[in-house]
Amino acid sequence: MLQEWADLNVREEAIRIDPGDVFFTDPTGRVDPRLTLYTTRSAFSHLARETRRNYAGDCCLFFNFLWQRGKNWCDAEAEDLLDFEDWRRWSPRNPQRISGAKWNRELAAFARIYKWAMAKKYVAANPVPEREVWGRHGGMVNVPAQRAKDARSSNVKWLTPRAYRMWRDVGLRGYTAEGKRDSSFRGRNDDRNAAYSDLLFSSGMRLSEGGSLLTFEVPRLGASTKRFFDGRLARAATKSRRERTFYVAVEDLRSITAYERTTRRAAIRRAQAKGRYESMDDVWVLKRRSGWQESTLHFWDEKGRLVGRDLTSLDVEERQRLFIEGDGGLEPLWLWLSEEGRPFQPHSWEAVYRAANERCRKVLKGKVGQAPYFTPHMARHSFALKMLATLMHVLDKRFALTPEERRDFRLLYGDAWRMVKDLLDHASEETTRKIYLAPVSDLQIRSLLLDEADPGTNELLVRIAEMSERVLDSEALV
């Protein structure tokens, strides 16, 4: 049976199906060519990898629901979607009901695929009814009529820097609650995991953005005395498909450098000794870099052709194929590696964080009021809060304003919001205010800055933590 598929790669290439493309099969194992056309030849194929994976999973659930009713995906009606929503959100027979926010994401996936199917005339009617609403940028826009009204636009939680350090040291590095090395800890990649987590906490990068860095994209320390170093994120590796600058603290760069020289180097040597890289048939071997900031890569592809590509055009999947010829043989340019020396997949970091949270829960149980809990996305929230407080505080100190002058000059703090928007890679300042940093309004951070006292940023964050249950601080946990 498998011999019939020996030329699968050739056949996929002939119809332009690329590695990593999503496709659907029905419960009998058949592939619907219409859905394959959607996943490979529509705007869906240009979405971020994680979005594609989430949307595909959402559609599979609905398609399976239809199949149990004796219907194919193209036979869906509005009543089917209403029944599916009832099952997903409210049915007492469903032990895993979802929130309004999760339903809205699923609805977005359905609206996208059925709108495309309507344009292609693959369905007779769109099962996702729409209604007109006033858009946030003015004018009327169409949205799915079944959008949940009880969805929370933001469930932001933060850790202060010292609470984060407790989580990292206990959860990732294997320390005890007293700050000593736990002899029973059996983690083998603690330096890699801590370095990656520090990078996200320091830079505000998304999970996939930080997880898909190449070694030469990490700023180099050199002999500089700077506290922060800047690097560039490539366009195709970001969610927004826009290049942007990121900043990393010097101590976090030292952690990455130490990982590269120890654990990463050892993983590469083991892989080379076992011939893992030479057995791979889809590697691209970098020959040289050229152009402005050496952003053009010249490499030998899997067919032996010398190819030139702009670094910023390489997506997450393509980056995993890049290697360089080192002293001991081929070496991956992908920064974060597994124990086997292969690229550590970005989505695998979720499991690392889950394990760290579970370890914190067990080790700190009975020793702190509430063990710190952390996720990669919380790193962005925490980064945003710290940067907003820092920028406002720095602006305040730079202009040496009196309390009265501060009140007259508060509009200047809008600059801090715009700076954080750029650092987070948001499309608009409104997104930053309403989605990520809306709880800051509840904390009345500006009122704090109008006090006579002049607290430092860390003290300011502690005061914020005392005022909100969403901001966790290690002192508050004791």
Check for a donor-acceptor pair, side chain of [X] on one end and backbone N or O of [Y] on the other, with a separation under 3.5 Å.
{"X": "R97", "Y": "N94", "result": "yes"}
{"X": "N104", "Y": "A148", "result": "yes"}
{"X": "R380", "Y": "G204", "result": "yes"}
{"X": "T40", "Y": "T36", "result": "yes"}

**Request:** Check the pair T263, D191 against side-chain hydrogen bond (donor to acceptor under 3.5 Å, both in side chains), reporting the backbone distance first and the verdict last.
**Result:** CA-CA 8 Å; T263 303; D191 59 341; 2.5 Å; yes
**Prompt:** Are R220 and F229 in a cation-pi setup, meaning NZ or CZ lies under 6.0 angstrom from the ring centre and within 45 degrees of the ring axis?
**Reply:**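 No; the conditions do not both hold, so R220 does not lie above the ring face of F229.
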**Asked** Does NZ or CZ of R112 lie under 6.0 Å from the centre of the six-membered ring of F44, at an angle within 45° of the ring axis?
**Response**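 Judged by the rule, R112 and F44 form no cation-pi pair.
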Looking at [X] and [Y], what are the two nearest heavy atoms and their distance?
{"X": "E217", "Y": "F246", "result": "O-CZ, 3.8 Å"}
{"X": "A267", "Y": "E339", "result": "CB-O, 3.9 Å"}
{"X": "V250", "Y": "K226", "result": "CB-O, 3.8 Å"}
{"X": "T238", "Y": "R244", "result": "CG2-NH1, 4.1 Å"}
{"X": "E318", "Y": "L314", "result": "OE1-CA, 3.4 Å"}
{"X": "P332", "Y": "G341", "result": "CG-O, 3.9 Å"}

Going from [atom1] on [X] to [atom2] on [Y], what distance comes out if it is rounded to the nearest 0.5 angstrom?
{"X": "E209", "Y": "L233", "atom1": "CD", "atom2": "CG", "answer": "5.5 Å"}
{"X": "D198", "Y": "R168", "atom1": "CG", "atom2": "CZ", "answer": "4.5 Å"}
{"X": "E50", "Y": "Y55", "atom1": "CD", "atom2": "OH", "answer": "12.0 Å"}
{"X": "K274", "Y": "S279", "atom1": "NZ", "atom2": "OG", "answer": "12.0 Å"}
{"X": "M378", "Y": "L159", "atom1": "CE", "atom2": "CG", "answer": "4.5 Å"}
{"X": "E278", "Y": "F323", "atom1": "CD", "atom2": "CZ", "answer": "9.0 Å"}

So, do [X] and [Y] sit near enough that their side-chain heavy atoms are less than 4.5 Å apart?
{"X": "R270", "Y": "E340", "value": "no"}
{"X": "L306", "Y": "W300", "value": "yes"}
{"X": "T296", "Y": "L311", "value": "no"}
{"X": "P343", "Y": "L335", "value": "no"}
{"X": "L330", "Y": "E325", "value": "yes"}

**Message:** Taking ring pair (Phe, Tyr, Trp, His ring centres under 6.0 Å) as the cut-off, I'd like each qualifying pair that reaches into residues 350-372, sequence neighbours left out, listed once.
**Reply:**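 Sorted result for residues 350-372: W167-Y353.
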**Prompt:** How about Y259 and W336: are their ring centres within less than 6.0 Å of each other?
**Reply:**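 Ring centroids of Y259 and W336 are less than 6.0 Å from each other.
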**Item:** Centroid-centroid under 6.0 Å between F201 and Y164 rings
**Value:**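 Yes, they do, as the ring centres are separated by less than 6.0 Å.
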**Request:** Take D169 and R165, measure what salt bridge (Lys or Arg N to Asp or Glu O under 4.0 Å) needs, and give me the verdict at the end.
**Result:** CA-CA 6 Å; D169 291 345; R165 288 191 292 271; over 6 Å; no
**Request:** Mind telling me whether W116 and Y38 have parallel, tilted or perpendicular rings, with 30° and 60° as the class edges?
**Result:**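 Judged by the thresholds at 30° and 60°, the geometry between Y38 and W116 is tilted.
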**Request:** Please work out which of the three classes, parallel, tilted or perpendicular, describes the rings of F110 and F62, given edges at 30° and 60°.
**Result:**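 The rings of F62 and F110 sit tilted, inter-plane angle from 30° to 60°.
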**Asked** Can you name the side chain to side chain contact (heavy atoms under 4.5 Å, CB included) partners of A236, sequence neighbours left out?
**Response**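 D315.
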**Request:** For L61, enumerate each residue passing the side chain to side chain contact (heavy atoms under 4.5 Å, CB included) test, keeping only those at least two apart in sequence or located in another chain.
**Result:**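 With sequence neighbours excluded, L61 shows a side chain to side chain contact (heavy atoms under 4.5 Å, CB included) to F84, R88, E106, given in chain and number order.
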**Prompt:** Does the side chain of D310 come under 3.5 Å of the side chain of T312 through a donor N or O and an acceptor N or O?
**Reply:**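 No, no side-chain donor-acceptor contact under 3.5 Å.
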**Message:** I'd like to know whether R147 forms a salt bridge (Lys or Arg N to Asp or Glu O under 4.0 Å) with E85, so could you lay out the CA-CA distance, the side-chain angles of the two residues, the decisive distance to 0.1 Å, and finally the verdict.
**Reply:** CA-CA 10 Å; R147 277 185 60 84; E85 180 186 13; over 6 Å; no
**Message:** K102 vs D58, test: salt bridge (Lys or Arg N to Asp or Glu O under 4.0 Å). Steps then yes/no.
**Reply:** CA-CA 10 Å; K102 177 65 166 61; D58 296 338; 3.5 Å; yes
**Message:** Between E331 and R264, is the salt bridge (Lys or Arg N to Asp or Glu O under 4.0 Å) condition met? List the steps.
**Reply:** CA-CA 10 Å; E331 299 181 8; R264 186 179 188 275; 5.3 Å; no
